[in-house]
*Asks:* 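Here it is, the structure in full.
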Amino acid sequence: MFKSILTTIVLLITANNASAGVNYDPVTRSLEVSGYTTMRQVQAANLEMRSNEVLTVILSGPGGDYYAGMALGRAIRKEGANVIIPENSTCVSACAFAALGGERVIVDGELWFHAPYLTMAPTNVTILDIAHKFGIAYLDMSVYLSEQSISILLANDIIRRTSTCKFIVVDSGEEITKLRSGEFPHTHTGYNYKILDNC
């Protein structure tokens with residue numbers, strides 16, 4: 001009886017994680033995280049990382065919750081896992097921020113970065129209130145990049161050069177390494193990227 005209850009619980013957790021786009025492979029000790037980046041997805045990934053040794057996180061997805069992306073990146077960094085962006089795949093927005101948590105980031109596909117944005121604003125708030133929210137989000141981006149040993153000048157590029165439909169595209173892990181090569185968080189030796197304008 002106890003064994004069947006335990007099996008049911010494990011199956012429910014596994015099914016829940018799969019529906020969140022999170023799948024663990026015990027043979028390769030890799031965790032695949034795909035789909036929209038949500039706090040539910042982060043919770044499922046955290047559960048797998050607490051329960052298993054994860055050497056590699058395979059990421060892809062169309063973006064999602066900005067803060068969920070940073071939470072996932074912090075979890076990946078804590079695990080000490082490498083990140084792979086598979087060939088012919090994209091890791092967009094929140095997913096791209098999550099990828100920066102990798103001990104090493106291998107980019108066979110593409111990372112697409114853009115500035116966080118609001119999809120709507122309440123009518124009962126001032127422009128100052130909205131600007132305040134963006135200021136906090138941009139400051140949080142710089143703190144996160146610094147935690148990941150990424151030059152905060154990436155934040156400057158993202159804020160100045162992107163929009164909801166314009167992206168900084170990085171298609172090589174070596175470029176992420178360059179962003180980590182500065183002695184201080186506000187320096188780097190330069191990195192190569194392209195601008196993708198879908199506006």
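Note that the structure is predicted; figures quoted are calculated from it, not measured.
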*Asks:* Restricting to pairs with a member in residues 21-73, which pass disulfide bond (SG atoms under 2.5 Å apart), not counting sequence neighbours?
*Replies:* none

*Asks:* Whether the side chain of Gln41 engages the backbone of Ser34 through a donor-acceptor N/O pair (distance < 3.5 Å, no angle test) should be reported.
*Replies:* yes

*Asks:* Does His114 use its side chain to pair, donor to acceptor, with the backbone of Phe167 at less than 3.5 Å?
*Replies:* no

*Asks:* Please say yes or no: joined through hydrophobic side-chain contacts below 4.5 Å, possibly via intermediate residues, are Ile58 and Trp112 part of one cluster?
*Replies:* no

*Asks:* May I ask you to check whether over 12 heavy atoms, not counting those of Tyr193, lie within 6.0 Å of atom OH?
*Replies:* yes

*Asks:* Please identify each residue that fulfils side-chain hydrogen bond (donor to acceptor under 3.5 Å, both in side chains) with Glu147, with sequence neighbours left out.
*Replies:* Arg74

*Asks:* Would the distance check show the side chain of Glu79 and the main-chain N or O of Val54 forming a donor-acceptor pair, the cut-off being under 3.5 Å?
*Replies:* yes

*Asks:* Please tabulate, for the side chains in residues 128-142, all donor-acceptor contacts under 3.5 angstrom to protein atoms that are two or more places apart in sequence or on a different chain.
*Replies:*
residue	atom	partner	partner atom	Å
Asp129	OD2	Thr126	N	3.0
Asp129	OD2	Thr126	OG1	3.2
Asp140	OD2	Tyr67	OH	2.6

*Asks:* Once side-chain hydrogen bond (donor to acceptor under 3.5 Å, both in side chains) is applied, do any residues pair with Ser172, and if so which ones, sequence neighbours excluded?
*Replies:* Glu174

*Asks:* Which atom pairs, donor and acceptor, lie under 3.5 Å between side-chain atoms of residues 81-91 and protein residues at least two apart or in another chain?
*Replies:*
residue	atom	partner	partner atom	Å
Asn82	OD1	Arg104	N	3.1
Ser89	OG	Pro86	O	2.5

*Asks:* Which pairs count as disulfide bond (SG atoms under 2.5 Å apart) when at least one residue sits in residues 112-166, sequence neighbours excluded?
*Replies:* Cys165-Cys199

*Asks:* Aromatic rings Phe97 and Phe113: how do their planes relate, parallel, tilted or perpendicular, breaks at 30° and 60°?
*Replies:* perpendicular

*Asks:* For Lys166, is there any backbone N or O sitting under 3.5 Å from a side-chain donor or acceptor partner on Arg161?
*Replies:* no

